[in-house]
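Within every chain, numbering begins at 1; the chains are lettered A, B, ... in the order of the sequence lines, protein sequences first and strands thereafter.
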Amino acid sequence: MAVTGDETESAATGDLPAYQLRSPNSSLAQSIVMAASPGAMQSPSSQHAEEITRKREVRLMKNREAARECRRKKKEYVKCLENRVAVLENQNKTLIEELKALKDIYCHKAE
DNA sequence: AATGCTGTACGTCAGTGAGG
DNA sequence: CCTCACTGACGTACAGCATT
């Protein structure tokens, strides 16, 4: 199992995760620029645009965390299944041995 | 050392079902 | 009908390993 560098990446690049550094014209980067720019008076249409951008960011952030959680749950589920396989394989082995022993007893009686 | 391959984690988009 | 959370699919970045 390879350990990825993704979790150590933010340490290597300051404190921003890689996905925030990658695309220079992402909506996030744009919105940061928008928020930082000293736009004093804003027209209703630009306010509306900003609201849309903000909503999008919130949605993306929520979805990002949902995806993380979803993957975590999936990994846990797979681990459970693997455990179950191991248990069932052991049970199967035990039952096969038990059957073999019973067959032996039966054969000796028949003689 | 350079390069290609593989596995892992991530973010985003699009589709879907549940609840209000 | 709308909104929200969940999830599969896709593309991307990166690390580690093998080969040249």
Side-chain angles (χ1 to χ4, degrees):
Chain A
M1 168 105 74
V3 176
T4 80
D6 283 338
E7 281 152 10
T8 57
E9 201 163 64
S10 54
T13 55
D15 46 1
L16 274 182
Y19 64 87
Q20 291 187 6
L21 298 173
R22 281 173 203 153
S23 49
N25 49 359
S26 69
S27 58
L28 181 63
Q30 284 175 339
S31 64
I32 287 170
V33 169
M34 282 176 71
S37 63
M41 298 304 281
Q42 295 185 333
S43 67
S45 67
S46 77
Q47 275 183 348
H48 182 244
E50 202 168 308
E51 177 67 6
I52 287 173
T53 303
R54 195 191 60 81
K55 279 186 178 171
R56 175 183 155 80
E57 278 172 30
V58 169
R59 182 172 52 78
L60 287 181
M61 195 178 71
K62 282 186 177 177
N63 187 240
R64 196 179 303 145
E65 277 164 24
R68 259 201 286 260
E69 178 65 9
C70 182
R71 287 180 185 122
R72 191 192 62 76
K73 276 167 60 183
K74 192 175 181 177
K75 270 174 81 176
E76 202 175 288
Y77 174 67
V78 168
K79 212 177 274 179
C80 276
L81 287 181
E82 286 169 348
N83 282 342
R84 185 157 164 71
V85 166
V87 167
L88 290 174
E89 277 175 351
N90 276 336
Q91 277 183 7
N92 198 32
K93 207 193 283 180
T94 304
L95 287 172
I96 286 171
E97 279 168 13
E98 202 176 316
L99 178 62
K100 196 178 156 205
L102 288 171
K103 274 184 179 171
D104 277 355
I105 292 170
Y106 179 76
C107 284
H108 285 120
K109 268 195 178 173
E111 280 171 9

Q: Looking at A:Arg72 and A:Glu69, is there a salt bridge between them, counting it only when a charged N and a carboxylate O are closer than 4.0 Å?
A: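 Between A:Arg72 and A:Glu69 there is a salt bridge, with a charged N closer than 4.0 Å to a carboxylate O.
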Q: Roughly how many Å is it from CZ in A:Arg72 to C1' in B:dT8, rounded to a whole number?
A: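 It is 17 Å, rounded to the nearest whole Å.
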Q: At under 4.0 Å between heavy atoms, which parts of nucleotides 15-20 of chain B does protein reach? Answer with one letter per nucleotide, 5' to 3': B base, S sugar-phosphate only, - none.
A: ------
Q: Measure the distance from CG on A:Leu60 to C1' on B:dC10 and round it to the nearest whole Å.
A: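 Checked: the CG to C1' distance equals 14 Å.
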Q: Under 4.0 Å from OP1 or OP2 of B:dC10: is there any side-chain N or O of A:Arg68 that close?
A: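 So the side-chain polar atoms of A:Arg68 never come under 4.0 Å of the phosphate oxygens OP1 or OP2 of B:dC10.
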Q: Using side-chain heavy atoms (C-beta onward) and a distance below 4.5 Å, is A:Arg68 in contact with A:Glu65?
A: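 Answer yes - side chains close enough.
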Q: Roughly, in whole Å, what's the span from CD in A:Glu57 to P in B:dT12?
A: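 Atom-to-atom, A:Glu57 to B:dT12, this comes out as 10 Å.
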Q: Could you go through the salt bridge (Lys or Arg N to Asp or Glu O under 4.0 Å) check for A:Glu57 and A:Arg54 one step at a time?
A: CA-CA 5 Å; A:Glu57 278 172 30; A:Arg54 195 191 60 81; over 6 Å; no
Q: Expressed in angstrom and rounded to an integer, what is the separation of A:Arg64 atom CZ from C:dC6 atom P?
A: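 That distance rounds to 16 Å.
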Q: Quick one: CG on A:Leu95 to CG on A:Asn90, what's the gap to the nearest 0.5 Å?
A: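 Output value for this atom pair is 11.0 Å.
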Q: Please identify which of these residues, A:Glu76, A:Lys75, A:Glu82, meets the side-chain contact (heavy atoms from CB on, under 4.5 Å) condition with A:Val78.
A: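 Going through A:Glu76, A:Lys75, A:Glu82 one by one, the side-chain contact (heavy atoms from CB on, under 4.5 Å) with A:Val78 is satisfied by A:Glu82 alone.
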Q: May I have the distance from A:Arg59 (atom CZ) to C:dC4 (atom P), rounded to whole angstrom?
A: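 That distance rounds to 11 Å.
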Q: Go through it in stages, so that I can follow the logic: the residues are A:Arg56 and A:Arg59, the test is side-chain contact (heavy atoms from CB on, under 4.5 Å), and I'd like the CA-CA distance, side-chain angles, deciding distance and then a yes or no.
A: CA-CA 5 Å; A:Arg56 175 183 155 80; A:Arg59 182 172 52 78; 3.8 Å; yes
Q: Do A:Gln47 and A:Glu50 have side chains that approach each other closer than 4.5 Å (heavy atoms only, starting at C-beta)?
A: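 No, side chains not in contact.
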Q: Sort me out a list of protein N/O and nucleotides 7-9 of chain C N/O pairs below 3.5 Å, or just none if empty.
A:
from: C:dT7; atom 1: O4; to: A:Asn63; atom 2: ND2; distance (Å): 2.8

Q: Applying side-chain contact (heavy atoms from CB on, under 4.5 Å) to A:Lys103 and A:Lys100, what does each step give before you reach the verdict?
A: CA-CA 5 Å; A:Lys103 274 184 179 171; A:Lys100 196 178 156 205; 5.7 Å; no
